[in-house]
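One structure is given below, encoded as structure tokens.
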Amino acid sequence: MRDEILEICAETLRGEGLAAATGAALLEDGTLAAAAAALLRDCRPMPVIVALIADLEAVAKK
């Protein structure tokens, strides 16, 4: 489920003009990670979402 959520975020970000957004890129690029974490904050706080936000925020801080 985690990978699917990453891909959904990447697709959304590409739709917003961030052409480099892929599931893998979200876990490597701080700017993309921050954008994806912001998207996820609007979701219900499911455990998988909360854990993914934490991972993305850690990448964004690098």
Side-chain angles (χ1 to χ4, degrees):
M1 180 170 205
R2 176 185 168 92
D3 291 336
E4 290 85 357
I5 294 167
L6 280 171
E7 289 303 324
I8 290 167
C9 288
E11 182 178 333
T12 300
L13 293 173
R14 285 193 303 273
E16 294 179 0
L18 296 171
T22 65
L26 297 182
L27 295 173
E28 296 175 0
D29 181 291
T31 301
L32 294 174
L39 286 174
L40 292 173
R41 279 190 199 90
D42 292 335
C43 295
R44 289 180 173 237
M46 298 175 3
V48 67
I49 298 292
V50 173
L52 186 52
I53 289 169
D55 291 346
L56 291 166
E57 288 176 338
V59 171
K61 291 179 183 178
K62 288 184 182 177

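Put simply, CG on Leu18 and SG on Cys9 are 12.0 Å apart, with the number rounded to the nearest 0.5 Å. In this structure, CD1 on Ile5 lies 7.0 Å from CG on Leu40, to the nearest 0.5 angstrom. Here the CD1-CG distance, from Ile8 to Leu39, works out to 11.0 Å after rounding to the nearest 0.5 Å. Here Thr12 contributes atom OG1 and Glu7 contributes atom CD; the two are 11.0 Å apart, rounded to the nearest 0.5 Å.
The minimum heavy-atom distance linking Ala37 with Leu56 is given by the pair N-CD1, 3.9 Å.
Residues that satisfy the side chain to side chain contact (heavy atoms under 4.5 Å, CB included) test with Glu28, not counting sequence neighbours, are absent from this structure.
Transitive grouping of hydrophobic side chains (ILVMFWY, heavy atoms separated by less than 4.5 Å) brings Leu13 and Ile49 into a common cluster.
Pairs of residues two or more places apart, or lying in two chains, that qualify as side chain to side chain donor-acceptor pair (under 3.5 Å) and include a residue from residues 48-62 are Arg2-Asp55, Arg41-Glu57.
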When the side chains of residues 19-27 are checked against the rest of the protein, which donor-acceptor pairs come out under 3.5 Å, sequence neighbours left out?
unit_1 : atom_1 : unit_2 : atom_2 : d
Thr22  : OG1    : Ala25  : N      : 3.0

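Around the CD atom of Glu11, the shell of radius 6.0 Å holds no more than 12 heavy atoms that belong to other residues, nucleotides or ligands.
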